[in-house]
Amino acid sequence: TVVLTTKYGKEASVDYDFNPVVDSINPEDVIPGMQITISGQKFDLVEAVVFKNQWGYTEVPVTPEDNAIRVEVPSDAYSGEVKLKLMNGSTVVAGTINVLLLPTVTGFVAENNKFKTGSKVTISGTNLNNVQSIQLAGLNGGTVEVTDFEITNYNYNQTLTFIFPD
């Protein structure tokens with residue numbers, strides 16, 4: 001509410017909501033480094049977009065346009081709520097995103113150090129839980145797809161184990 005008071009003590013008021021109105025976040029499925037667009041209205045008081053991360057939150061300063069905020073998803077972003085931080089320090093939930101973390105490989109080893117049909121192969125890394133299939137150069141030429149594997153979690157690291165196919 002905005003209240004105007006005259007020098008005679010008379011008041012006039014109007015109800016006005018200063019909070020931004022969010023219509024959409026696009027895209028909702030993202031990878032770190034990708035740009036998202038938050039569409040809506042009343043973005044003039046927004047100073048940052050706030051993303052959830054492992055330790056709490058990451059704030060990314062922004063300069064809103066009339067009806068949109070464009071911002072890069074930070075490298076440490078997690079899936080969850082995205083908030084708009086206003087100049088007065090308060091936050092407003094804009095929506096949610098699903099962060100698809102790309103796998104990183106830190107090790108690749110075969111049983112007895114031999115990559116041959118029937119050998120147990122272990123891949124070490126992070127974000128391996130997002131893997132749906134593995135493409136390998138086949139022993140007889142061509143490419144082989146592996147979809148039968150086991151993932152084991154060790155804190156932030158993981159291993160993915162499978163049997164080397166024909």
Side-chain angles (χ1 to χ4, degrees), residues 20-40 43 46-65 67-86 89-166:
V21 176
V22 176
D23 297 327
S24 66
I25 294 180
N26 191 27
E28 291 178 346
D29 292 331
V30 300
I31 59 173
M34 180 183 276
Q35 186 179 74
I36 62 171
T37 301
I38 302 170
S39 300
F43 289 149
V46 176
E47 67 177 12
V49 176
V50 182
F51 295 88
K52 183 179 176 183
N53 68 26
Q54 177 181 351
W55 305 277
Y57 297 94
T58 297
E59 290 185 17
V60 179
V62 293
T63 304
E65 300 169 18
N67 296 315
I69 297 171
R70 289 171 181 45
V71 62
E72 186 176 299
V73 177
S75 62
D76 63 349
Y78 273 29
S79 296
E81 288 184 341
V82 174
K83 297 178 182 181
L84 303 178
K85 181 179 177 188
L86 307 182
S90 67
T91 59
V92 175
V93 175
T96 59
I97 59 170
N98 182 32
V99 177
L100 308 171
L101 299 174
L102 297 176
T104 57
V105 175
T106 57
F108 190 82
V109 96
E111 184 176 33
N112 298 322
N113 292 323
K114 295 185 182 183
F115 292 93
K116 64 180 184 175
T117 301
S119 292
K120 181 178 173 182
V121 178
T122 301
I123 298 174
S124 302
T126 59
N127 304 318
L128 299 178
N129 55 320
N130 294 327
V131 174
Q132 291 183 354
S133 68
I134 304 161
Q135 301 289 324
L136 299 167
L139 296 177
N140 299 321
T143 303
V144 177
E145 180 178 41
V146 176
T147 57
D148 185 19
F149 49 82
E150 181 180 314
I151 297 174
T152 306
N153 292 305
Y154 301 101
N155 295 325
Y156 299 107
N157 296 311
Q158 298 166 322
T159 59
L160 185 150
T161 306
F162 62 95
I163 302 301
F164 201 92
D166 293 333

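Given the structure is predicted, the values throughout are model-derived calculations rather than measurements. Computed over heavy atoms, backbone and side chain alike; hydrogens, waters and symmetry mates excluded.
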Which value, rounded to the nearest 0.5 Å, describes the distance between [X] atom [atom1] and [Y] atom [atom2]?
| X | Y | atom1 | atom2 | result |
| --- | --- | --- | --- | --- |
| Phe162 | Glu150 | CZ | CD | 13.0 Å |
| Glu111 | Thr161 | CD | OG1 | 11.0 Å |
| Ile134 | Asp148 | CD1 | CG | 9.5 Å |
| Asn112 | Lys120 | CG | NZ | 11.5 Å |
| Glu47 | Leu86 | CD | CG | 8.0 Å |

Among all residues two or more places apart in sequence or in another chain, which pass the side chain to side chain contact (heavy atoms under 4.5 Å, CB included) test with Asn53?
-> Trp55, Thr58, Asp76
Throw together a table of side-chain donor-acceptor distances under 3.5 angstrom for residues 24-31, partners on residues two or more places apart or in other chains.
residue: Asp29; atom: OD1; partner: Asn98; partner atom: ND2; Å: 3.2

Are a donor atom and an acceptor atom from the side chains of Ser133 and Glu145 found within less than 3.5 Å of each other?
-> yes
So Ile123 and Val131, side-chain contact (heavy atoms from CB on, under 4.5 Å) or not? Walk me through it.
-> CA-CA 11 Å; Ile123 298 174; Val131 174; over 6 Å; no
Can you check whether Ile38 reaches Phe43 side chain to side chain, under 4.5 Å on heavy atoms?
-> yes
Would you check if Ile97 and Phe51 make a side-chain contact, meaning some heavy-atom pair closer than 4.5 Å?
-> yes
Is it the case that more than 12 heavy atoms not belonging to Asn153 sit under 6.0 Å from its CG atom?
->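 More than 12 heavy atoms, drawn from other residues, nucleotides or ligands, come within 6.0 Å of this atom.
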So, the side chain of [X] versus the backbone of [Y]: is there a donor-acceptor pair under 3.5 Å, distance only?
| X | Y | answer |
| --- | --- | --- |
| Gln132 | Thr147 | no |
| Gln158 | Leu128 | yes |
| Ser79 | Val99 | yes |
| Thr152 | Thr159 | no |
| Ser119 | Lys114 | yes |

Go through Tyr78 and Gln54 one step at a time and tell me if the side-chain contact (heavy atoms from CB on, under 4.5 Å) criterion holds.
-> CA-CA 7 Å; Tyr78 273 29; Gln54 177 181 351; 3.4 Å; yes
Could you walk me through whether Leu84 and Val50 pass the side-chain contact (heavy atoms from CB on, under 4.5 Å) test, one step at a time?
-> CA-CA 6 Å; Leu84 303 178; Val50 182; over 6 Å; no
Step-by-step side chain to side chain donor-acceptor pair (under 3.5 Å) determination, Thr126 to Thr104 = CA-CA 5 Å; Thr126 59; Thr104 57; 2.3 Å; yes
